[in-house]
Structure formats: structure tokens, C-alpha cells
Amino acid sequence: MEFTFSEEQEQFREMVRRYLADRSPTTVVRETMETDLGFDPALWADINRDLGLAAIAIPEEHGGQGFSWVETCIALEEAGRALLCAPLVSTSLAGLAIALAGDEETKSDWLPRLAAGEVRGTIALTEADGNWDANQASASFADGRLSGAKHYVLDGASADVFVTNAMTDQGVRLAVVAADQDGVSAVGVTSLDPTRRLASVTFDAAQARILPHSSEAAISAVFDAALVAIANESVGGAAALLEETVEYVKMRHQFGRPIGSFQAVKHRCANMLLEVELAKSAAYYAAQAFAEGDDQAGTLASAAKASAGDAYLLAARDAIQLHGGIGFTWDNDTQLWFKRAKHNEVIFGDPTFHRERVMQNGGI
Amino acid sequence: MPSESSVRQEVRAWLEQNWSPDQSLIAWRNTLADSGWGMPAWPKEWFGRDLEQALLPVVDEEFARANAVGVARTGVRHLAASTLLEHGNEEQKQRFLRRILTGEDSWCQLFSEPGSGSDLAGATSRADTNDDSNGGWTVNGQKVWTTSAHHADFGLLLARTDWDQPKHQGLSYFILDMHQEGVEVSPLKQMNGHASFNQVFFTNAFVPPENRVGTAGQGWQIAMTTLMHERRGADGLRSYARERDLPGQVYEEERVELAHANEPYKWYPQRAGRVDLVMDRAAETGRIDDPSVRQEIARLLIRARSSEWTARRARAAQEKGRPQGPEGSLGKLASSHVARQASHVHTLISGADALLGGDDSPRDGMIAEILISVPATSIAGGTDEIQHNIIAERVLGLPKEPRMDTGPFRDVKRN
């Protein structure tokens with residue numbers, strides 16, 4: 001296990017950060033979140049052409065960059081910092097699932113196009129009951145056809161391909177379903193976080209292809225990848241909130257001095273830093289453990305998700321608080337990150353759910 | 001510049017030639033001191049070999065391999081030695097350094113006072129210049145939270161010599177002979193029943209002219225050196241001597257020395273929360289099945305591990321020569337949170353047994369000791385409040401508050 005990033009990883013991070021600061025400042029976020037699509041196809045094309053973000057963890061032989069989930073998580077952390085409106089988490093997870101569990105034909109069919117950003121994918125593993133356990137599904141698959149309904153699907157309305165779970169005669173398996181067919185109906189739902197699109201997707205005898213290596217362990221691994229992705233995205237957003245808040249309280253004067261000179265404010269900022277750094281450590285460690293196929297990867301993924309969920313929310317709440325009244329306005333940017341924090345708290349399981357998962361795995 | 005392998009060869013050969021457990025500890029340590037292998041990073045002229053820091057682990061490894069005992073490092077000795085090496089004059093180094101390394105002298109730190117804890121520079125113990133033929137200073141006042149003062153031969157004393165200067169500028173640093181009539185040590189009993197610390201009272205105690213370290217008014221800077229070394233030691237970067245269960249006179253004498261030195265710190269693992277006991281305790285009480293207890297256990301374990309990983313990030317960055325990020329300043333505050341959560345978890349796990357004290361408490365009194373020792377963690381060595389200030393001001397760059405204590409010290413409000 002490494003406790004620093006390599007020079008190359010740091011340079012990659014810098015590059016992504018600068019690119020997104022330039023191409024996705026908050027003004028762009030606000031414009032994009034008002035659109036029907038929820039992302040800018042031109043920006044999506046550019047981040048893939050210029051930085052290859054969707055290709056990071058896809059194997060080279062399938063048109064990817066051949067890096068690991070650690071590098072993907074560096075990009076996601078920066079995307080989280082910038083609140084990038086793009087189907088990056090979703091497409092990355094779809095690519096990971098197919099690379100992990102698909103056969104050669106499915107991989108060749110989808111991975112190169114996912115890597116290039118030509119098509120967008122997502123994972124659809126949760127049903128109406130909001131149960132995040134991806135190894136349970138009431139959707140069913142038989143004779144090449146899949147039927148069922150999935151909910152809370154990230155970027156579901158704009159995805160070209162779904163990786164979903166269904167009960168087969170061999171147990172629950174993952175399957176690939178192309179969006180562009182009659183049996184697939186994806187309807188956007190209004191998301192609490194306007195920067196993140198969610199959909200309900202109904203499969204009605206849709207043509208589907210089973211990913212043959214999607215054992216229970218593999219399905220759990222896809223879930224773990226999602227947890228680690230969201231955790232790393234979250235610490236990026238939380239750090240951005242902290243930095244902006246510190247700048248604000250240095251600048252804002254009341255009672256004749258910067259409010260950041262008052263201990264009530266100063267100490268709250270110090271506490272935010274502590275929580276964010278602890279969550280970062282957990283997110284980074286979990287990403288490595290996942291990439292290395294560590295035995296404890298699932299436990300660490302849940303630990304990171306719980307920690308990041310709490311830390312991002314704390315940072316968001318404290319950021320609003322320390323901005324005073326304007327923190328509650330639509331026009332102040334803090335509320336955008338707050339809504340992402342609320343979203344990330346819940347998606348793929350909230351901190352309470354994941355603490356229980358840590359304990360079921362015997363603790364850490 | 002010596003290489004790793006050349007140093008290794010040299011130490012190994014020297015140890016093969018010179019190390020034997022069948023001699024007195026002091027005799028061995030004198031040999032060590034003279035060879036420079038006892039403190040190899042020290043200057044050649046003072047018991048060292050001018051070895052670069054990065055090669056120290058090689059020396060440590062060879063000593064461990066040979067099971068060779070090192071110089072005396074326990075207690076405040078190492079702090080005294082580092083301070084004297086940096087700020088002492090030649091004559092002071094001559095007088096004190098060897099006996100620090102052999103362990104013949106033990107030292108204590110006389111910094112904190114009842115009226116100056118967090119505000120360490122607000123010390124009011126006075127060292128007044130003697131205008132008689134003895135010269136030197138007469139010391140009156142009181143120190144507190146002094147570990148092992150009752151065994152100490154010498155103390156590192158921070159005292160006020162000038163009341164007209166602003167707070168930090170009126171302090172000077174002295175070496176105080178603890179075995180004199182004017183120095184009285186009394187134990188300080190803690191809420192957990194232990195008395196690891198003392199109060200030290202000075203009534204016309206004498207400091208001879210040759211015992212001031214540095215110049216007049218330099219006390220605060222020198223104290224900062226001492227504290228910096230203390231902080232460095234506290235992060236666990238250095239390996240401390242542990243009792244070895246081997247036959248031989250040197251080992252026997254070392255065991256006695258270590259048992260003595262470690263005695264005040266017996267309860268320190270308990271004040272840190274004993275996270276290591278949590279899962280076993282939860283299993284043996286059946287509380288492992290209680291969903292709300294499981295939540296609190298998970299919170300604790302995640303926080304404790306994250307805190308370790310954060311410290312390792314800081315250490316790794318330092319080893320790679322990268323600039324220190326915020327992760328290096330959070331350790332103490334993080335441990336304080338962990339300890340508090342651990343106390344909460346042990347209470348939940350123990351149920352009604354958390355009412356019991358002494359030996360009636362579970363695990364031979366260990367649980368009770370945790371519950372009544374944890375309050376120390378957020379206070380000792382820098383309170384949580386001070387940590388928050390340091391993090392906010394030095395790491396986040398937030399502005400300081402207006403000060404009320406920048407004028408002549410005699411005018412500063414105090415209790």
C-alpha cells in the first residue's frame with residue numbers, strides 16, 4: 001500500500017483539475033443543470049478526446065488507457081471538486097462491470113465505444129424498494145430477454161447501455177442491455193441534486209446478454225467500485241467547499257474584523273479540515289485496496305462510503321452555516337455542492353447502511 | 001558520503017568486536033558514547049559520527065540484529081540532550097552529555113505552571129539575578145505536570161528573568177539541580193488514581209552562573225527546541241527501547257531502568273481508548289449483536305483506521321521530501337476524537353458493568369481505567385482548543401485574534 005501518489009498521478013490530477021476549472025466553472029454547471037440532457041455533449045466529447053477520462057480503467061486491448069480504479073478515482077475526485085455535469089461515474093462503472101464480468105464478445109462490442117465516450121453507460125442495480133444489495137433482484141432473465149424495473153439509475157435517461165442485475169436460472173447475474181430498443185423505457189425523475197440525473201428504467205422483455213463472469217463476488221465488486229467512486233468524488237467536493245469557505249471567512253467582516261478570526265468560526269473550519277482529511281485517507285486507501293483486489297476491499301469500500309458520506313455532508317452544512325444568510329440563497333454556489341453532498345450521502349447506501357456492512361464483514 | 005552498505009558493514013563489525021551483555025550498563029554505554037555509535041547523528045566532537053538522518057534506520061537495524069542495547073533515551077533525557085546540543089555551551093555539553101547517554105543522570109522538564117498551561121509563555125516562576133559573590137540566580141515559583149521529578153537529578157527550567165519585557169522576551173532557560181533544599185517535589189494525584197506527575201515548588205532555589213543555557217531572554221526559543229523534539233518523538237517515528245527478556249548484566253540493568261522509566265506511562269494506552277479491545281469485548285458481552293452498538297463500533301473503527309492512514313500519509317510525504325500537507329497537523333486532534341468515541345463505545349459495550357470501578361471493573365479494571373483516563377487525551381500536550389487554533393491559523397491561514405498580552409509582562413492580566 002502506498003500512502004502518497006506517484007509523480008505521474010499527481011501530474012494527472014493537476015491536468016484534470018486545470019482542465020475542469022477552465023471548462024466547467026460554476027457558471028457552466030448552472031447552465032448545464034438547467035438543460036434537459038443534464039450534460040453538454042460537446043464537453044463530454046472533449047474530456048474524452050483530450051483527457052480520455054471514460055477510458056482510464058478500460059484495458060488497452062479494448063481501447064482504454066489500461067490504468068486502474070485508483071486513477072479513475074483521481075479523475076472523479078477532481079470531477080467532484082468541480083461538480084462536473086457529465087455521465088462520468090456512470091459510464092466508468094458500466095465499463096468496469098463489462099471489463100470485469102463480460103465475455104470477449106461483449107467486451108469488444110461495448111468497451112471501445114465506452115472508452116472513446118462515443119456511447120454512455122450506467123449501472124442499474126436497484127429496484128423500487130431502494131435495496132442497495134446488488135445480489136438481490138426481482139427482475140428476471142430467460143431466453144435472452146430481461147424484464148423488470150430499476151430505479152435511482154444514474155444518468156439512466158441518457159445512457160446508451162445498461163449493466164443491470166436479474167434473476168436467472170443460475171441465480172442473480174449481471175446483464176448488458178442496449179437502450180435503443182423497444183423493450184427499454186427510461187424516464188427521468190426529478191433529482192434533489194440538479195447536477196446529477198436519475199431515471200427509472202423499465203425492461204419489458206428487452207434483449208439482453210448475460211455477463212458470464214458475474215458471480216456473487218463479481219457483482220459485489222461492481223458495487224464496491226461504485227462505493228469507492230462516490231467516496232472519492234465526495235472528498236473532492238468536500239475539499240472544494242472547505243477551501244471556498246475559508247476564503248469567504250477571511251474576507252467577510254463583522255464586528256470590525258474578519259469573521260474567520262472568531263474562534264467559533266475558526267474552530268469549525270479546523271474541524272471540517274479534520275473530517276475531510278480523514279475521509280480522504282479512507283477513500284484513497286479503499287481505491288487502492290479495490291484496485292489491488294485486496295480481501296478487505298469490500299469492507300474498506302463501505303468504510304470509505306460511510307466516512308465520505310458524513311464528511312461531505314458536514315462540510316456542506318458547515319459551509320452554508322459559515323456563509324450566514326447568503327449561504328441559503330439560490331445564487332450562492334454553496335447550495336449546489338450541498339445538494340450533491342445529500343445525493344452522495346444516499347446513493348448506493350447511506351453511512352448507516354455501510355457501517356452495518358463494515359460490521360457484517362467483521363470490522364476493520 | 002558513506003553508503004547504506006558501508007555503514008551497515010561498519011556498525012556490524014564494530015558490534016561484533018565490542019558488544020557484550022556481560023558488563024555493566026554504564027560501562028557499555030560509555031564505550032558506545034566514545035565510539036559515536038550511540039548517537040550517530042550527533043556531531044563527531046560530541047559522541048556522534050555526523051551520520052545523515054536517512055542512514056539512522058540502518059544503525060538501528062544492526063543494533064536490533066545483534067540485540068545490542070543503546071544509550072539511555074527514556075524520559076526527558078533525550079530532550080535535554082537535544083536541547084543542550086543545540087543551545088548549550090561547550091562547558092555544559094562537557095558536564096552533562098555523557099551522563100545523559102549513560103543514564104547516570106535523569107532529567108525532568110520544568111515548563112508548565114498552574115498559571116501557564118496553554119499559555120506556556122506566561123510563566124511566572126522567577127529567576128532573579130543574585131548581586132552577591134555567588135552570582136547566578138535565585139528561583140521562586142512553582143511548576144506542575146512534571147513527569148518523574150522525584151527521580152530527576154536535573155531539570156530544564158523555563159523562568160522569567162525580565163518583567164518589563166513583553167511576555168515571550170522575558171524568559172530564560174536554566175539547568176536546575178533538583179537535589180537542593182529549595183526544591184520540593186510533591187506528587188499530583190490524577191482522577192484515575194495514578195500520580196504520574198508532580199508539582200515542583202521553588203523556594204529560594206539556587207542556579208549557579210554556569211547553568212543558564214543560551215543568553216538572557218532566549219528562554220522561549222530554547223523551550224521551542226525542546227518541545228519540537230518532544231513532538232517529533234510523540235508521533236512514533238523513533239523506535240523506543242523495549243524490555244528484552246535475555247540473560248546478561250546489561251539486559252538486567254536495562255530492564256530495571258525501563259521498568260522505572262515506563263512506570264508513569266502505564267495508563268497511557270487506556271487514555272487512548274484501547275480500540276484494540278473493542279471487538280473482543282463486544283463479542284464477549286453479546287453487544288456485538290445490538291444494531292446501535294454496531295453503528296458506534298463501526299464509527300470508531302473507521303475513525304481510528306482513517307486516523308492511522310492519515311498519519312501514514314503525512315509520514316510518507318515527509319519521507320519523499322514532499323511539502324507537508326494538512327495531514328501532518330491533525331494527529332493529536334484525531335487521536336482525541338478516537339479516544340472519546342472509544343470511551344463511548346466501551347461504555348455501551350459494558351452496559352451496567354460500566355458502573356464498576358477498580359478491580360471489579362471488567363478486564364481486571366482495564367475498562368474503568370479507560371473511562372476515567374480518556375479525559376486527559378483532549379487536554380495533555382496541547383488541548384483540542386489549541387489544536388483547533390493551530391490548525392485554523394497555521395494550516396488554513398485564518399486570521400489571529402486581537403491580543404491583550406503584547407505589552408510589558410508585568411502589566412498583563414493574570415489570576
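Quick note: numbers below take in every heavy atom, side chains included, and nothing from hydrogens, waters or symmetry partners. Per chain, numbering begins at 1; letters A, B, ... match sequence-line order.
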Do [Y] and [X] meet the salt-bridge criterion of a basic N to acidic O distance under 4.0 Å?
| X | Y | value |
| --- | --- | --- |
| A:Arg355 | A:Asp310 | yes |
| A:Arg357 | A:Asp224 | yes |
| A:Arg81 | A:Glu244 | no |
| B:Arg363 | B:Asp353 | no |
| A:Lys280 | B:Glu327 | no |
| B:Asp405 | B:Lys413 | no |
| B:Arg303 | B:Glu308 | no |

Report the option among [options] that has the most heavy-atom pairs separated by less than 4.5 Å from atoms of chain B.
| options | answer |
| --- | --- |
| A:His354, A:Gln360, A:Glu275 | A:Glu275 |
| A:Val265, A:Asn271, A:Val249 | A:Asn271 |
| A:Leu274, A:Thr299, A:Val358 | A:Leu274 |

Check: [X]/[Y] side-chain N/O donor and acceptor closer than 3.5 Å:
| X | Y | result |
| --- | --- | --- |
| A:His267 | B:Asn389 | yes |
| A:Asn361 | A:Ser302 | no |
| B:Arg340 | B:Thr377 | no |
| A:Ser68 | A:Glu71 | yes |

So for [X], is it side chain, backbone, both, or neither that comes closer than 4.5 Å to the heavy atoms of chain A?
| X | value |
| --- | --- |
| B:Arg322 | side chain |
| B:Val395 | side chain |
| B:Arg313 | both |

What part of [X] gets closer than 4.5 Å to chain B, counting heavy atoms only: side chain, backbone, both or neither?
| X | result |
| --- | --- |
| A:Tyr284 | side chain |
| A:Glu7 | both |
| A:Ala306 | side chain |

| query | Which of residues 11-21 of chain A have a heavy atom under 4.5 Å from any heavy atom of chain B? | reply |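 Hits under 4.5 Å: none found.
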Using a 4.5 angstrom heavy-atom cutoff, name the option from [options] with the most pairs to chain A.
| options | value |
| --- | --- |
| B:Ala317, B:Gly397, B:Ser307, B:Pro291 | B:Gly397 |
| B:Ala334, B:Pro402, B:Ser329 | B:Pro402 |
| B:Gln387, B:Glu393, B:Glu385, B:Arg299 | B:Arg299 |
| B:Ile288, B:Leu301, B:Ile391 | B:Leu301 |

| request: Taking the six-membered ring of A:Tyr312 (Phe, Tyr or Trp), confirm whether the NZ or CZ of A:Arg340 is under 6.0 Å from its centre and within 45° of its axis. | output: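 Relative to the ring axis of A:Tyr312, which defines the angle, A:Arg340 lies outside at least one limit.
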